[in-house]
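Written below as structure tokens is the structure these notes are about.
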Amino acid sequence: MCGILAVLGCIDNSQAKRSRIIELSRRLRHRGPDWSGLHCHQNCYLSHQRLAIVDPTSGDQPLYNEDKTVVVTVNGEIYNHKQLREKLNSHQFRTGSDCEVIAHLYEEYGEDFVDMLDGMFSFVLLDTRDKSFIAARDAIGITPLYIGWGLDGSVWFASEMKALSDDCEQFMSFLPGHIYSSKQGALRRWYNPPWCSEKIPSTPYDPKVLREAFEKAVFKRLMTDVPFGVLLSGGLDSSLVAAVAARQLANSEVACQWGSQLHTFCIGLKGSPDLKAAKEVADYIGTRHHEFHFTVQEGIDALEEVIYHIETYDVTTIRASTPMFLMSRKIKSLGVKMVLSGEGSDEIFGGYLYFHKAPNKEEFHEETCRKIKALHLYDCLRANKSTSAWGLEARVPFLDKEFINIAMSIDPEWKMIRPDLGRIEKWILRNAFDNDKKPYLPKHILYRQKEQFSDGVGYSWIDGLKDHANKQVTDAMLINANFIYPENTPTTKEGYYYRTIFEKFFPKNAARSTVPGGPSVACSTAKAVEWDAAWSENPDPSGRAALGVHASAYEAQKGGIAGKIAIA
């Protein structure tokens with residue numbers, strides 16, 4: 001992942017302004033420690049902090065067309081850049097960077113080229129011939145992007161809020177699947193798949209089609225010129241990513257450079273469920289496995305730094321980001337710069353345990369659509385910013401455009417959790433990779449119950465966070481929370497504690513408005529809380545809050561949560 005900052009149409013184009021842009025861009029240097037670039041054209045500035053993954057030697061940014069009249073700064077990866085270069089055979093390329101195609105596509109097709117890109121990306125492009133510009137974000141929002149407005153009429157874009165929050169009067173998260181055009185002065189949607197309308201699909205389930213689409217998604221993400229690995233928690237999603245990557249690595253170009261044995265990484269409290277499962281998966285598929293441990297206190301000590309980097313006060317996101325943040329630092333110390341990760345599967349297939357309570361296939365499908373549309377505010381934000389804090393790039397095969405379109409076109413009746421038919425959560429995905437002749441994973445891993453990352457690293461992690469927050473926040477503070485924080489008022493001491501840290505770094509109203517709110521159980525949307533009346537008395541985003549579903553669920557008692565019980 002890289003860091004981009006663009007300021008367009010400001011009044012001041014002095015040396016002082018240039019110095020200010022450089023200063024603000026340095027706030028993103030953790031994202032791109034390999035090189036810094038800045039292009040100035042009159043009162044427009046495009047800066048870039050580079051993490052070199054593809055073409056490390058010549059792909060520095062900003063990037064240009066042949067005569068340098070089109071300038072682009074990009075954060076992301078374009079997996080189909082070689083195919084696009086073939087279409088652009090009349091153009092001369094300066095570098096081997098996958099992102100250079102964007103400048104030439106604009107020359108060839110104008111603003112209507114974004115849907116041709118297959119990858120994860122945020123970019124800002126300046127046409128110096130008329131000083132017009134566009135900005136766009138990938139379909140799901142895997143890469144972060146913010147848009148802001150200055151009092152001088154300038155428009156700002158940045159990979160992280162911290163690079164523009166001080167200088168913009170107003171700012172917000174740039175919507176995924178959208179493009180901003182200075183000619184129109186507004187955002188418009190470029191990504192319009194059928195599932196966005198939430199219309200109920202009817203395509204029959206074909207396990208072969210689903211499996212091959214995922215294998216293709218993993219393979220295209222092996223595009224790298226630097227060492228890489230896979231984040232392996234031992235759950236279904238990360239285990240499938242690792243198993244498929246391990247099989248495909250031997251036949252990929254990257255194996256010639258970095259070897260054919262895959263590296264996998266896991267973190268947890270000693271004795272945690274994830275560590276045990278991940279080790280078993282790694283041994284089974286033959287990876288070189290790296291196991292990291294952390295303590296509850298080490299996680300608590302990192303909270304302020306985590307919240308500064310991930311730029312949210314959402315409880316679930318902070319719980320899961322902290323171990324991911326600690327693990328990313330360890331991974332980077334080994335010389336690894338890119339990892340594959342399993343985000344997105346639970347949203348696509350209804351893998352969260354609260355989906356057990358979905359009343360019918362219509363509501364099941366509508367909830368998956370809502371969850372995918374909100375990924376940029378939760379899991380995508382966590383996966384990107386937790387890793388980028390240490391100059392590590394995370395790629396997510398489940399959020400491949402083609403794979404999503406195939407998975408979301410399946411009749412949701414097949415995704416419904418049906419114990420009477422032996423179907424647990426994400427059964428259609430598990431079944432697609434259930435191959436007795438050449439198994440991808442051990443059966444009990446393939447059919448392991450869903451564990452949210454913040455739970456799987458060790459149940460005492462969340463319990464420890466709550467205990468710590470209870471010591472920092474008094475009853476009186478929580479009672480008066482609606483006066484102190486009238487917007488998205490925290491309802492728990494843990495939420496209140498995170499909010500105080502967030503407000504210290506990002507005190508503006510615009511900053512707090514970038515974070516979603518509302519009740520949630522086991523990562524549900526507010527709408528899905530209505531599926532079970534008991535959940536309204538237990539509003540905790542942990543998977544263990546799915547009472548009657550999780551094997552180590554919280555015990556619901558009047559007045560709060562106490563202990564754990566085993567569900568037969």
Side-chain angles (χ1 to χ4, degrees), residues 1-2 32 34-35 50-61 63 74-89 91-102 104-105 116-121 138 142-143 211-232 238 240-265 282 285-290 331-332 334-342 387 391-403 438 440:
M1 284 291 106
C2 303
D34 297 334
W35 192 254
R50 188 183 185 208
L51 179 66
I53 303 289
V54 175
D55 186 24
T57 55
S58 70
D60 294 337
Q61 296 194 38
L63 296 161
V74 189
N75 170 31
E77 307 291 344
I78 310 302
Y79 302 122
N80 64 335
H81 74 104
K82 290 183 179 179
Q83 297 93 311
L84 292 173
R85 282 175 182 249
E86 292 175 2
K87 289 185 178 182
L88 299 164
N89 54 19
H91 292 254
Q92 292 183 336
F93 287 80
R94 296 172 175 271
T95 74
S97 169
D98 54 295
C99 295
E100 190 181 344
V101 294
I102 292 174
H104 298 283
L105 286 169
M116 299 171 68
L117 302 174
D118 181 8
M120 56 177 185
F121 55 83
D138 65 62
I142 301 167
T143 61
R211 181 179 67 252
E212 290 178 350
F214 183 67
E215 288 173 333
K216 183 178 177 182
V218 172
F219 186 74
K220 71 176 68 169
R221 281 159 180 79
L222 299 182
M223 179 186 79
T224 178
D225 294 324
V226 298
F228 77 102
V230 175
L231 304 184
L232 177 60
S238 65
L240 283 178
V241 173
V244 173
R247 286 193 182 189
Q248 297 185 342
L249 184 57
N251 300 319
S252 67
E253 293 180 14
V254 72
C256 300
Q257 191 170 7
W258 303 111
S260 58
Q261 187 178 29
L262 185 68
H263 288 252
T264 51
F265 309 95
I285 63 178
T287 71
R288 184 170 181 182
H289 190 57
H290 308 265
I331 293 172
K332 188 62 185 290
L334 297 175
V336 173
K337 296 175 75 173
M338 186 273 283
V339 290
L340 304 186
S341 192
T387 54
L392 182 68
E393 175 174 287
R395 297 180 181 176
V396 282
F398 281 108
L399 297 181
D400 179 82
K401 271 200 306 182
E402 183 180 351
F403 179 76
K438 195 177 179 182
Y440 288 80

query: Should H81 and F93 be marked as a side-chain contact (heavy atoms from CB on, under 4.5 Å) after you check the CA-CA gap, both sets of side-chain angles, and the distance that decides it?
result: CA-CA 12 Å; H81 74 104; F93 287 80; over 6 Å; no

Give, for atom [atom1] of [X] and atom [atom2] of [Y], the distance between the pair rounded to the nearest 0.5 Å.
{"X": "F265", "Y": "L232", "atom1": "CZ", "atom2": "CG", "result": "10.5 Å"}
{"X": "D138", "Y": "K401", "atom1": "CG", "atom2": "NZ", "result": "9.5 Å"}
{"X": "M338", "Y": "D225", "atom1": "CE", "atom2": "CG", "result": "10.0 Å"}
{"X": "L51", "Y": "L392", "atom1": "CG", "atom2": "CG", "result": "8.0 Å"}
{"X": "D98", "Y": "L84", "atom1": "CG", "atom2": "CG", "result": "10.5 Å"}
{"X": "Y440", "Y": "L240", "atom1": "OH", "atom2": "CG", "result": "9.5 Å"}

query: Thinking salt bridges, do R221 and D400 make one under a 4.0 Å N-O criterion?
result: yes

Donor-acceptor contact below 3.5 Å, side chain [X] vs main chain [Y]:
{"X": "K337", "Y": "I53", "answer": "no"}
{"X": "Q61", "Y": "R50", "answer": "no"}
{"X": "N80", "Y": "M116", "answer": "yes"}
{"X": "Q248", "Y": "E215", "answer": "yes"}
{"X": "K332", "Y": "T387", "answer": "no"}

For [X] and [Y], work out which heavy atoms get closest and say how close.
{"X": "T95", "Y": "G59", "value": "CB-CA, 4.2 Å"}
{"X": "T264", "Y": "A242", "value": "CG2-CB, 4.3 Å"}
{"X": "G76", "Y": "C99", "value": "O-SG, 3.7 Å"}
{"X": "I285", "Y": "A243", "value": "CD1-N, 3.8 Å"}
{"X": "S252", "Y": "L249", "value": "OG-O, 2.7 Å"}
{"X": "G96", "Y": "S58", "value": "N-OG, 3.8 Å"}

query: Taking everything shown except W258 itself, do over 12 heavy atoms lie less than 6.0 Å from its CH2?
result: yes

message: Counting neighbours of CZ on R288 that are heavy atoms of other residues, nucleotides or ligands and sit closer than 6.0 Å, is the number greater than 12?
response: no

- prompt: Going through the checks in order, is the side-chain contact (heavy atoms from CB on, under 4.5 Å) test met by L231 and I331?
  reply: CA-CA 10 Å; L231 304 184; I331 293 172; 3.5 Å; yes

Quick check: do [X] and [Y] have side-chain heavy atoms less than 4.5 Å from each other?
{"X": "V218", "Y": "F403", "answer": "no"}
{"X": "L262", "Y": "F228", "answer": "yes"}
{"X": "T287", "Y": "V230", "answer": "no"}
{"X": "K220", "Y": "D118", "answer": "yes"}
{"X": "I102", "Y": "L63", "answer": "no"}
{"X": "L222", "Y": "L340", "answer": "yes"}

task: Show the numbers, then the answer: is there a side-chain contact (heavy atoms from CB on, under 4.5 Å) between R395 and M223?
output: CA-CA 11 Å; R395 297 180 181 176; M223 179 186 79; 4.3 Å; yes

query: Hey, what's the ring geometry for H290 with H263, parallel, tilted or perpendicular (30° and 60° as the breaks)?
result: parallel

